[in-house]
Q: 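Handing you a structure now.
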Amino acid sequence: MSKCTQPRVVVADQQAMLTECLGVVFEMRQYQYRVVPIPREPASVGHMLSQVLKLRPDVLVINADLGPTCNGAALVAPMTRAGVAVVVLTDTVDEARAGECLLQGARAVLPKSESLAVVVSVIRRVLAGEPVLDHAERDRLVAAYHRRESHEHGLRERLDRLSPQESEVLRHLIAGRTTREVAQMRVVSEATVRTQVKAVLAKLEVSSQLAAVALARRASWTASGTGPQAGAARAPRPTRVRAGQPPHPAGGTALRAAAAKAP
């Protein structure tokens with residue numbers, strides 16, 4: 001196979017062992033293979049996008065969880081619009097996160113608990129233009145994402161009810177300060193702080209300070225308002241599984257079945 005017809009695969013992942021293993025396999029298959037360095041300082045989506053597009057990949061294999069300096073999942077949609085097939089790897093099994101990436105245009109989402117053989121087989125099938133995920137499985141994962149978004153929207157709506165003073169009190173609670181410490185810092189009476197704490201709990205529809213703090217953290221709430229911090233990567237969310245129901249590894253079952261049929 002000549003170099004001009006070799007498929008180009010680009011990998012963006014901070015784990016050297018994974019990128020090196022993929023590199024060995026891709027060289028055996030005569031793929032052109034490059035690794036995009038992950039910035040140590042916070043980088044914009046535009047910067048990472050330009051770095052990847054310079055390499056003109058046919059397939060981008062990217063970790064959705066690149067850490068605080070770069071949100072890998074944010075690259076899925078612009079890379080798809082640029083005509084690049086995207087395969088997403090995740091550090092954890094998170095069906096809602098998988099559904100989000102699929103909705104943005106990813107061809108497949110695989111947890112790193114999958115075998116190297118499955119990952120390589122999926123990439124091979126993507127390069128060949130073959131389907132790697134059936135419609136029913138994709139719809140199930142996308143539905144999980146929509147359910148999570150609906151839940152988080154409800155949390156943000158509750159947080160938006162807080163007054164500036166109540167938001168400040170919640171910020172102190174998140175920092176682990178006691179009612180007395182908050183009163184001393186704000187130069188008000190402890191009774192005033194207790195009244196404001198009760199108002200916070202009522203508006204957030206929770207029964208304890210710990211529950212209020214947990215709710216704020218689930219919604220990625222900041223002192224200046226609700227929503228994820230600017231430029232911050234979204235933290236991985238654990239998959240919730242009903243009692244007695246086996247977990248679905250973000251489409252892994254369907255992908256394993258497809259890989260088993262592949263040479």
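Excluded from the calculations below are hydrogen atoms, water molecules and symmetry mates; all remaining heavy atoms, backbone and side chain alike, are included.
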Q: Could you work out, with salt bridge (charged side-chain N to carboxylate O under 4.0 Å, His left out) as the rule, every residue matching Arg81, not counting sequence neighbours?
A: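 Salt bridge (charged side-chain N to carboxylate O under 4.0 Å, His left out) check on Arg81 returns nothing, list empty.
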Q: Is the shortest side-chain heavy-atom distance between Leu159 and Leu170 below 4.5 Å?
A: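 Counting from C-beta outward, Leu159 and Leu170 do come under 4.5 Å.
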Q: Quick check against the 3.5 Å criterion: does Glu181 have a side-chain atom that pairs as donor or acceptor with the backbone of Thr178?
A: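 Yes; judged by distance alone, with no hydrogens or angles, the pair exists.
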Q: Of Val10, Val86, Ile62, Val59, which meets side chain to side chain contact (heavy atoms under 4.5 Å, CB included) against Met79?
A: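 Of Val10, Val86, Ile62, Val59, side chain to side chain contact (heavy atoms under 4.5 Å, CB included) with Met79 is met by Val86 alone.
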Q: Quick one: does any side-chain atom of Asp58 pair with a main-chain N or O of Arg8 as donor and acceptor, under 3.5 Å?
A: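 Yes: the side chain of Asp58 pairs with the backbone of Arg8.
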Q: Okay, side chain of Arg138, backbone of Leu102: is any donor-acceptor separation there less than 3.5 Å?
A: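 Flag set: sc Arg138 to bb Leu102 pair under 3.5 Å.
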Q: Are any of the side-chain heavy atoms of Tyr31 and Arg124 separated by less than 4.5 Å?
A: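 Side-chain contact under 4.5 Å: yes.
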Q: What's in the same ILVMFWY side-chain cluster as Met28, cut-off under 4.5 Å, chained through other members?
A: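 For the cluster that includes Met28, the remaining residues are Val24.
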Q: Are Asn63 and Gln14 packed together at the side-chain level, in the sense that at least one heavy-atom pair is separated by less than 4.5 angstrom?
A: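 Sidechains of Gln14 and Asn63: in contact.
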Q: Can you tell me if Ser150 uses its side chain to pair, donor with acceptor, with the backbone of Arg147 under 3.5 Å?
A: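 No, because the side chain of Ser150 does not come within donor-acceptor range (under 3.5 Å) of the backbone of Arg147.
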Q: With side chains defined as the heavy atoms from C-beta onward, is the minimum distance between Glu100 and Val76 less than 4.5 Å?
A: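 SC-SC contact between Glu100 and Val76 ruled out.
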Q: Can you tell me if Arg34 has over 12 outside heavy atoms packed within less than 6.0 Å of its CZ?
A: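 No, CZ of Arg34 has 12 or fewer neighbouring heavy atoms, counting only those of other groups under 6.0 Å.
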Q: Do you see a donor-acceptor pair shorter than 3.5 Å between the side chains of His153 and Glu157?
A: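 Their side chains do contain a donor-acceptor pair, which is all the 3.5 Å distance test asks for.
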Q: Main chain of Ala64, side chain of Arg97: is a donor-acceptor contact present, judged purely on distance under 3.5 Å?
A: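 Present.
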Q: Could you check if a side-chain atom of Asp91 sits within less than 4.5 angstrom of a side-chain atom of Gln15, using non-hydrogen atoms only?
A: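 Yes, their side chains come closer than 4.5 Å.
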Q: According to a hydrophobic-cluster definition based on side-chain heavy atoms being under 4.5 Å apart (Ile, Leu, Val, Met, Phe, Trp, Tyr only), do Val169 and Met185 belong together?
A: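 In one cluster: no.
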Q: Would you call Glu166-Arg161 a salt bridge at under 4.0 Å N-O?
A: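 The answer is no: the pair does not qualify as a salt bridge.
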Q: List for me each residue that meets salt bridge (charged side-chain N to carboxylate O under 4.0 Å, His left out) alongside Asp13, sequence neighbours excluded, and say none if there are none.
A: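 Only Lys112 meet the salt bridge (charged side-chain N to carboxylate O under 4.0 Å, His left out) criterion with Asp13.
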